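Model, not experiment: these values are computed from the prediction.
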Amino acid sequence: MEIILKKKISEAVKILFNNDIQDELIQLQETRKDFRGDFTLVVFPLLRFSKNTPEKTGELIGNYLVSHFEAISRFNVIKGFLNLEVADSWWIDYFKNIAGGLDPLSAAQVSKPEIILVEYSSPNTNKPLHLGHIRNNLLGYSLYRILSSCGHKVIKTNIVNDRGIHICKSMLAWQKFGNGETPETSGMKGDHLVGKYYVLFDKEYKAQTEQLINQGMSENEAKNNAPFMKEAREMLLKWEAGDKEVVDLWKTMNSWVYAGFDETYRKLGVEFDRIYYESETYKLGKEIVLSALKKNILYQNDDSSIWADLSNEGLDQKLLLRSDGTAVYMTQDLGTAVDRYNDYKFNKSVYVVGNEQNYHFQVLRAILKRMGYEWSDGLIHFSYGMVELPEGRMKSREGTVVDADDLIAEMQDTARDVSLELGKLTGFSNEEKDDIFRKVGLGALKYYILKVDPKKNMTFNPAESIDFNGNTGPFIQYTYARIKSVFRKAEQMNITEDLAGIGKASVGKKEIDLIRLLRKFPEIVSEAASEYSPALIANYCYELSKEYNQFYHDFTILGETDASIRNFRLVLSRVTSEVIFRGMWLLGIEMPERM
RNA sequence: GGUUCCGUAGCUCAGCUGGAUAGAGCAACAGCCUUCUAAGCUGUGGGUCCCGCGUUCGAAUCGCGGCGGAAUCACCA
């Protein structure tokens, strides 16, 4: 529509003012709700051609369009804005088009599909997942759905940080205090069990450090000389040397953690196509670093540590291999990146990683570029903000972390309480109820997190996140469930949709408002894909749901006596529910058929 | 100090390829359940869009300069 309209406007300008104008000067937008009309032309840019007042110019163009373009039925001019009204027949035709089973996503397809890796989650294997990981997982998974819905080939990957001193810490504490405790004997989830020993290590380590400080050591000395730290370091060396006992323990404890993570991932509804382990990629990283050193891309210090000098790119010196030859975080990431390119020859590789690592990824790209990997341009750090609590940042040492499993359970419990209090779901089996509570509780959590702009830090208010009223996931789910209910009722009444009858229906403003919103969907999806922002879709789904709820309250649907009007509303309801479903699906949010 | 990000209603957030009177939700107050789900709908109050300058017919939106906040600049990951 817009394209034809623009053509007509440019034709009008040519005939009225005798000028060929560029497309950019024709600023066409949807008319604001509080004005009469469907599309609005901003006439200011055209004044220099018309050499007339804004009002007069608008009027001239409006008159031309009404008499030369049958789709435009009326117009009005307010200040410099020409509001055009599209004939109802056009809306009906348009609507029949999208109602006839046209996939709302087909318009969002990209012309050149790419191979895109999306890395997300990236847990450490020494403690359970927390609220920050939830944001990461939800963003990553939703990104996957959005990008692949646009036609890209997307590979979901996870890099598990399964090596390093932090793992040895839990292992050591388990050896000292564990008495052979396992997930089976303790009844604890594996990741929580290992996390418990990580905390124990820290506690004991702190005590030891304090003792040494009291004996007169400086803080740094004490930290380095505490027996626990020494033992942990020894353990790391043994691990790198392949010591059987250490490696076996490492394997055992990691397997506990993986089982725990899998459970959390399953509850969250996220999954991966390929998992990389740092214990496997760090060696490649070392090789890359060493060969780059030979080519004089890097330099070596007297203590034989290896560095990259990025100072002429506005970055600092960056350590790549320690003086004892062991790998650091950056070494592993270099290895992982090369590994991945060899595996997939990706066009883009998206890292869903918190903004605290902005610098790290700047450096990663710069080093790869310098090493001659042209594909490094395709590395994208999808940087998201921290999740803070009303009291401030989460601190594991102060016990203010919100545990992922606890939170999920709590959301489901709240969904149950609210639902029962409202007296819903009588006559359902316990399985059916639990399924709905799960969808609603999780929907609330996911929506709450995904609706905010990823790059912004967000505040997680526990009391508010469990609110199910207003701009929330359950509100959107509720809208969907309600539409489903209309259709169940219609079935009972033997009412079926009749697209053919719709032409006779009178098109009201409410209907047009809904259709206008519906037609935006593909545009929103492509925008979300190019901006990497699920939040756009979340806010759209809310807007659509709100619009529908208002529509629903203003009219009866099944009770409408005029069949053509009833059909119009019925089909409109169905299309709305399909788009809502699709939008929420892109966010990874499940929709209950009733609630 | 360098770099990156953020600053919109009491609170949580939309809006940002420049357009009309800046929008939702929460919280407060007032209404609406014999008709398809009230997890809803309607209404009232609430704003120096951090500040200043610039570009423009027009700036919350773009540019520059401040101010405030966050992150980061480790032989941690």
Q.
Looking at B:rG23, I'd like to know if its phosphate oxygens (OP1 or OP2) sit under 4.0 Å from a side-chain N or O belonging to A:Lys33.
A. no

(Q) Can you identify which nucleotide, out of B:rC36, B:rU21, B:rA71, has its nearest atom closest to the A:Asp34 side chain? (A) B:rU21

(Q) With a cut-off of less than 4.0 Å, is there a side-chain N or O of A:Lys318 near OP1 or OP2 of B:rC73? (A) no

Q: Could you work out the separation of B:rA14 and B:rA22 based on their C1' atoms and round it to a whole Å?
A: 11 Å

Q: Verify the ring-centre separation between A:Phe460 and A:Tyr448: is it less than 6.0 angstrom?
A: yes

Q. Which whole number of Å gives the distance between the P atom of B:rU4 and that of B:rG65?
A. 12 Å

Q | Spacing of A:Thr57 atom OG1 and A:Leu82 atom CG [to the nearest 0.5 Å] | A | 10.0 Å

(Q) Rounding to an integer number of angstrom, what distance separates B:rG18 and B:rA59 when you compare their C1' atoms? (A) 6 Å

Q. Considering only B:rC26, B:rC41, B:rC36, which nucleotide approaches the side chain of A:Asn469 most closely?
A. B:rC26

Q. Base, sugar-phosphate alone, or nothing: which one does A:Ala481 contact when heavy atoms must sit under 4.0 Å apart?
A. base

**Q.** Short N-O contact, A:Glu240 and A:Arg163, less than 4.0 angstrom
**A.** yes

(Q) So A:Ile306, base contact, sugar-phosphate only, or nothing? Heavy-atom distance under 4.0 Å. (A) nothing

(Q) Whether A:Arg482 engages the ring of A:Tyr552 as a cation-pi pair (distance to the six-membered ring centre under 6.0 angstrom, angle to the ring normal within 45°) should be assessed. (A) yes

Q: Please check if the distance between the ring centroids of A:Tyr548 and A:Phe551 is under 6.0 Å.
A: yes

Q) Counting only Watson-Crick or G-U wobble pairs whose two distances fall under 3.5 Å, which nucleotide matches B:rU34? A) none

(Q) Using a heavy-atom cut-off of 4.0 Å across all strands, would you classify A:Phe555 as base, sugar-phosphate, or nothing? (A) base

Q.
Need to verify one output field. Residue with the more 5' nearest nucleotide on RNA chain B, A:Ala415 or A:Gln29?
A. A:Gln29

Q: Determine which nucleotide pairs with B:rC26, using a 3.5 Å limit on both distances of a Watson-Crick or G-U wobble pair.
A: B:rG10

Q.
Which nucleotide, if any, forms a Watson-Crick or G-U wobble pair with B:rA39, using both distances under 3.5 Å?
A. none

Q. Looking at the side chain of A:Glu356, which of B:rU72, B:rA77, B:rA39 is the nearest nucleotide?
A. B:rU72

Q. Among side-chain atoms of A:Arg233 and A:Asn224, is any donor-acceptor pair under 3.5 angstrom?
A. yes

Q: Tell which nucleotide pairs with B:rC49, taking only Watson-Crick or G-U wobble pairs whose two distances are both under 3.5 angstrom.
A: none

(Q) Between B:rG46 and B:rC11, how far apart are the two C1' atoms, rounded to whole Å? (A) 13 Å

Q. Which of the following nucleotides, B:rG19, B:rA39, B:rC26, is nearest to the side chain of A:Pro45?
A. B:rG19

Q. Could you state the CG-P distance from A:Asn461 to B:rC13, rounded to the nearest angstrom?
A. 10 Å

Q.
Give me the distance, rounded to whole Å, that separates B:rA71 from B:rU17 when you measure between the C1' atoms they each carry.
A. 28 Å

**Q.** Options B:rC41, B:rA77, B:rA20, nucleotide nearest the side-chain atoms of A:Gln550
**A.** B:rC41

Q: Counting heavy atoms from C-beta on, name the nucleotide in B:rC13, B:rG25, B:rA39 closest to the side chain of A:Met458.
A: B:rC13

Q: Have a look at A:Thr459 and say if it touches a base, only the backbone sugar-phosphate, or nothing, with a 4.0 Å heavy-atom cut-off.
A: sugar-phosphate

Q: Please state whether the phosphate of B:rG23, meaning OP1 or OP2, lies under 4.0 angstrom from any side-chain nitrogen or oxygen of A:Arg32.
A: yes

Q) Whole Å only: how far is the CG atom of A:Asp333 from the P atom of B:rA77? A) 11 Å

(Q) OP1 or OP2 of B:rU56 versus the side-chain N and O atoms of A:Arg48: is any pair under 4.0 Å? (A) no

Q: Look at A:Lys484 and B:rC36 and indicate whether a side-chain polar atom (N or O) is within less than 4.0 Å of OP1 or OP2.
A: no

Q) Would you say A:Phe81 stacks on B:rA20, if stacking means ring centres under 5.5 Å apart and planes within less than 30 degrees? A) yes

Q.
Within the 4.0 Å heavy-atom criterion, would you say A:Tyr478 contacts the bases, only the backbone, or no part of the nucleic acid?
A. base

Q. Across the strands shown, which category fits A:Gln357 at heavy-atom distances under 4.0 angstrom: base, sugar-phosphate, nothing?
A. base

Q: If B:rA74 has a Watson-Crick or G-U wobble mate with both distances under 3.5 Å, name it; if not, just say none.
A: none

**Q.** Check: A:Asn254/A:Thr125 side-chain N/O donor and acceptor closer than 3.5 Å
**A.** yes

Q.
Measuring to OP1 and OP2 of B:rA38, would you say a side-chain N or O of A:Arg482 lies under 4.0 angstrom away?
A. yes

Q. What nucleotide among B:rA77, B:rA14, B:rU42 has an atom nearest to a side-chain atom of A:Lys546?
A. B:rU42

Q.
Counting the atoms with a prime plus P, OP1 and OP2 as sugar-phosphate, which does A:Phe475 contact under 4.0 Å by heavy atoms, base, sugar-phosphate, or nothing?
A. sugar-phosphate

Q | Residue from A:Thr40, A:Asp38, A:Asn76 passing side chain to side chain donor-acceptor pair (under 3.5 Å) with A:Thr31 | A | A:Thr40

Q: Compare side-chain N and O positions of A:Arg569 against OP1 and OP2 of B:rC36 and report whether any pair is under 4.0 Å apart.
A: no

Q.
Can you identify which nucleotide, out of B:rA77, B:rG19, B:rC36, has its nearest atom closest to the A:Val486 side chain?
A. B:rC36

**Q.** A:Val452 vs A:Asn471, nearer the 5' end of RNA chain B by closest nucleotide
**A.** A:Val452

(Q) Give me the distance, rounded to whole Å, that separates B:rC6 from B:rG40 when you measure between the C1' atoms they each carry. (A) 35 Å

Q: Quick one: label A:Lys424 by what it contacts on the DNA or RNA (base, sugar-phosphate, nothing), any heavy atom closer than 4.0 Å.
A: base

Q) To the nearest Å, how far apart are A:Leu321 CG and B:rA74 P? A) 17 Å

Q: Among B:rA24, B:rU37, B:rA20, find the nucleotide with the atom closest to the side chain of A:Tyr542.
A: B:rA24

**Q.** Closest to the A:Phe468 side chain, choosing from B:rA14, B:rU37, B:rA39
**A.** B:rA39

Q) In whole angstroms, how far is the C1' atom of B:rA39 from the OH atom of A:Tyr448? A) 18 Å

Q. Counting only side-chain N and O atoms of A:Arg322, is one of them less than 4.0 Å from OP1 or OP2 of B:rA74?
A. no

Q: Under 4.0 Å between any heavy atoms, over every strand shown, what does A:Ser383 touch: base, sugar-phosphate, or nothing? Just pick one.
A: nothing

Q) What is the glycosidic conformation of B:rC33: syn, defined as within 90° of 0, or anti? A) syn

Q: Write down the distance separating the C1' atoms in B:rC62 and B:rU44, rounded off to the nearest Å.
A: 37 Å

(Q) Between the side chains of A:Arg438 and A:Asp435, is the shortest nitrogen-to-carboxylate-oxygen separation below 4.0 Å, so that they form an ion pair? (A) yes

Q. What does A:Gln27 touch in the nucleic acid at a heavy-atom separation under 4.0 angstrom: a base, only the sugar-phosphate, or nothing?
A. base

Q: Check the distance between B:rG40's C1' and A:Tyr552's OH and give it to me in whole angstrom.
A: 9 Å

Q: Please work out if A:Asn83 contacts a base, only the sugar-phosphate, or nothing of the nucleic acid, heavy-atom cut-off 4.0 Å.
A: base

Q.
Students often get this wrong, so: under 4.0 angstrom with heavy atoms, is A:Asp324 touching a base, only sugar-phosphate, or nothing?
A. nothing

Q. Is A:Glu547 paired with A:Lys520 through a side-chain N to carboxylate O contact shorter than 4.0 Å?
A. no

Q. Has A:Phe44 got its ring stacked on the base of B:rG58, with centres under 5.5 Å and planes less than 30° apart?
A. no

Q. If you take atom types as modelled and just measure distance, does the side chain of A:Thr40 reach the base of B:rA20 with a donor-acceptor pair under 3.5 Å?
A. yes

